[in-house]
Amino acid sequence: MKIIMLGAPGAGKGTQAKMIAEKFGIPHISTGDIFRANIKNGTELGAKAKEYMDQGLLVPDELTCDLVVDRIQQEDCKKGYILDGFPRTIPQAEALDAALTKLGENIDFAINVEVPDENIVRRMGGRRACVSCGATYHVVYNAPAKENVCDACGAELILRDDDKPETVQKRLSVYHEQTQPLIDYYTKKGVIAEVDGTIDMQDVFAAICKILGE
Ligand code: AP5
Ligand code: MG
């Protein structure tokens, strides 16, 4: 099963993608997590990506597309995968389509997690992310058992650099301009499904499982 998660920054793509990946035994591929791991490891890609991420801008397509096209051809992707945060521009979607066509494959579902901008700004300040495994928490809605410690791996939880209110606003406007057009793109392909992302995360997950036929 090949799934794309669409939705604004903070809509809950990562939260849901992790649960889906676990349930279906497929890899969760988050370009944001890949860039953050590169920043942490001090790679050249990380240094380039950070310039854009810290401003709330998208990393250029030429640094992003090849990376994902390579990743989806790895052995663990044979049974499918869940893409979180990619594609997020029309050229990225076209690059993905071109790669899938060559492989004789196609996307099964593009799930749009719908959350209004007002809710997003409130959510982001409370998010905490694991520096090591990328797990995501919320100080109110999904608190870790021990403050600032990851339940999954025991590493430290931090507030992401791009979760400052002014950067969140920029990310939202970039989303509306460059990523929202993908909803139309995947609607035309007949694979779009919408879920209400404002409800409890377990209920969002149940709605997604229903769409996926589980
Ligand atoms: P990325 O890491 O993809 O960030 P994003 O799209 O901005 O989305 P987030 O990860 O912030 O939110 P999410 O939807 O995953 O929500 P989450 O589950 O964490 O990208 C970061 C940056 O990298 C980009 O700005 C860009 O610069 C660059 N980048 C990445 N991919 C790129 C690409 N393809 N092209 C170019 N540049 C790229 O949830 C948010 C919070 O809400 C959490 O605290 C969570 O616990 C809580 N929450 C979740 N669900 C609920 C719920 N139902 N109720 C209450 N709280 C909830
Ligand atoms: Mg995320």
Side-chain angles (χ1 to χ4, degrees), residues 4-21 28-39 45-46 48-69 71-72 82-96 111-117 119-130 134-144 150-151 157-164 167-180 182 195-208:
I4 291 172
M5 297 302 289
L6 294 174
K13 302 180 297 294
T15 302
Q16 297 300 327
K18 268 202 161 35
M19 292 196 267
I20 299 163
H28 167 208
I29 302 171
S30 156
T31 39
D33 286 352
I34 294 171
F35 291 138
R36 280 184 289 277
N38 274 275
I39 293 171
L45 172 65
K48 281 188 194 153
K50 189 170 167 42
E51 277 176 42
Y52 299 92
M53 291 169 76
D54 283 354
Q55 296 179 66
L57 301 172
L58 295 183
V59 176
D61 291 340
E62 53 273 26
L63 293 179
T64 311
C65 293
D66 291 351
L67 182 150
V68 177
V69 167
R71 179 68 189 85
I72 60 170
I82 176 152
L83 293 176
D84 161 15
F86 182 95
R88 64 207 292 160
T89 64
I90 295 284
Q92 288 182 15
E94 288 170 349
L96 176 64
I111 300 171
N112 181 35
V113 184
E114 194 44 62
V115 177
D117 288 9
N119 299 37
I120 303 266
V121 179
R122 239 178 296 133
R123 266 187 198 182
M124 298 303 232
R127 171 163 57 188
R128 296 294 178 272
C130 175
T136 298
Y137 300 86
H138 191 281
V139 292
V140 178
Y141 307 122
N142 183 21
C150 179
D151 290 347
L157 301 180
I158 53 148
L159 182 69
R160 265 169 48 178
D161 286 344
D162 59 350
D163 277 352
K164 290 187 230 98
T167 316
V168 170
Q169 285 297 350
K170 180 68 197 169
R171 285 161 63 199
L172 277 171
S173 68
V174 166
Y175 165 76
H176 290 300
E177 222 171 87
Q178 300 193 57
T179 308
Q180 213 169 19
L182 292 178
V195 291
D196 177 1
T198 64
I199 57 178
D200 182 87
M201 34 189 111
Q202 291 302 332
D203 296 331
V204 180
F205 183 54
I208 293 175

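The first residue of the sequence shown is numbered 1, and numbering continues consecutively from there. Both ligands and their constituent atoms are indexed starting at 1 by order of listing.
Listed by number with element, the atoms of ligand 1 under 4.0 Å from a non-hydrogen atom of G32 are 1 (P), 2 (O), 20 (O), 30 (C), 31 (N). Listed by number with element, the atoms of ligand 1 under 4.0 Å from a non-hydrogen atom of T15 are 17 (P), 18 (O), 39 (O), 45 (C), 49 (C). When each atom of ligand 1 is checked for a heavy atom of M53 under 4.0 Å away, the hits are 22 (C), 23 (O), 27 (O), 28 (C). Near G85, with a cut-off below 4.0 Å to any heavy atom, the atoms of ligand 1 are 31 (N), 32 (C), 33 (C), 34 (N). Close contacts of ligand 1 with I199, meaning ligand atoms under 4.0 Å from a residue heavy atom, involve 52 (C), 53 (N), 54 (N). Taking a cut-off of under 4.0 Å to the non-hydrogen atoms of Y141, the atoms of ligand 1 that pass are 55 (C), 56 (N). Heavy-atom proximity to M124, at under 4.0 Å, picks out these atoms of ligand 1: 11 (O). Taking a cut-off of under 4.0 Å to the non-hydrogen atoms of G14, the atoms of ligand 1 that pass are 13 (P), 15 (O), 18 (O).
Closest protein heavy atom to atom 27 (O) of ligand 1: L57 O, 2.6 Å. Scanning the protein for heavy atoms near atom 35 (N) of ligand 1, the closest one is Q92 NE2, 2.8 Å. Distance from atom 57 (C) of ligand 1 to its nearest protein heavy atom, with residue and atom name: M201 CE, 3.4 Å. Nearest to atom 50 (N) of ligand 1 among the protein's heavy atoms is R123 NH1, 3.8 Å. Among all protein heavy atoms, the one lying closest to atom 16 (O) of ligand 1 is G12 N, 3.1 Å. In this structure, atom 19 (O) of ligand 1 lies nearest to the protein heavy atom R127 NH1, 2.7 Å. Among protein heavy atoms, atom 44 (O) of ligand 1 sits closest to Y137 O, 2.8 Å. Looking at atom 31 (N) of ligand 1, its nearest protein heavy atom turns out to be T31 OG1, 2.6 Å.
A donor-acceptor pair is defined here as one N or O able to donate and one able to accept, closer than 3.5 Å; such a pair exists between the side chain of Q16 and the backbone of M201. Put simply, the side chain of R128 never gets that close to the backbone of L157: no donor and acceptor are under 3.5 Å apart. Of the possible polar contacts, one joining the Q92 side chain to the R88 backbone as a donor-acceptor pair under 3.5 Å is found. With K13 contributing its side chain and A8 its backbone, the two residues share a donor-acceptor pair below 3.5 Å.
With contacts defined as side-chain heavy-atom distances shorter than 4.5 Å, the pair M5/I111 qualifies. Residues K50 and M53 fail the side-chain proximity criterion, which asks for heavy atoms closer than 4.5 Å. With a 4.5 Å cut-off on side-chain heavy atoms, T179 and T89 do not count as touching.
Nearest to atom 43 (C) of ligand 1 by heavy-atom distance, out of V139, V68, D163, T136, is T136. For atom 24 (C) of ligand 1, the nearest non-hydrogen atom from the set M19, R88, R171, Q16 comes from R88. Distances from atom 8 (O) of ligand 1 to the heavy atoms of K13, R122, R128 put K13 nearest.
When only interatomic distances are considered, the shortest N/O to N/O separation between A11 and ligand 1 falls below 3.5 Å. Considering both main-chain and side-chain atoms, G126 never comes within under 3.5 Å of ligand 1 through any nitrogen or oxygen pair. The shortest N or O to N or O distance between G56 and ligand 1 is not below 3.5 Å.
Evaluated for a side chain to side chain contact (heavy atoms under 4.5 Å, CB included) with V113, the options V195, D196, L6 yield exactly one hit, V195. Residue T167 is tested with D54, L57, D162 for a side chain to side chain contact (heavy atoms under 4.5 Å, CB included); the sole match is D162. Between T31 and the options V59, T64, L63, a side chain to side chain contact (heavy atoms under 4.5 Å, CB included) holds for only T64.
Residue contact annotation: R36 has a non-hydrogen atom under 4.0 Å from ligand 1. Residue contacts with ligand 1 include A8, since one or more of its heavy atoms lies under 4.0 Å from the ligand. Within the structure, the closest approach of G7 to ligand 1 does not fall below 4.0 Å when heavy atoms are considered. Ligand 1 lies out of reach of K18, whose nearest heavy atom is not under 4.0 Å from it. The shortest separation from a heavy atom of G197 to ligand 1 is under 4.0 Å, placing the residue in contact. At least one heavy atom of R160 sits less than 4.0 Å from an atom of ligand 1. Within the 4.0 Å heavy-atom cutoff, D33 does not count among the residues contacting ligand 1.
For the residue pair T15 and N142, no side-chain donor N or O sits within less than 3.5 Å of a side-chain acceptor on the partner. Looking only at atom types and distance, the side chain of H28 has no donor-acceptor partner in the side chain of D33 under 3.5 Å away. When only modelled atom types and interatomic distance are considered, Q202 and D200 share no side-chain donor-acceptor pair under 3.5 Å.
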### Task
Mind running salt bridge (Lys or Arg N to Asp or Glu O under 4.0 Å) on R171 and D163 for me, showing each step along the way?
CA-CA 9 Å; R171 285 161 63 199; D163 277 352; 2.9 Å; yes

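Applying the ring-ring contact (aromatic ring centres under 6.0 Å, His included) criterion to Y141, with sequence neighbours excluded, gives H138.
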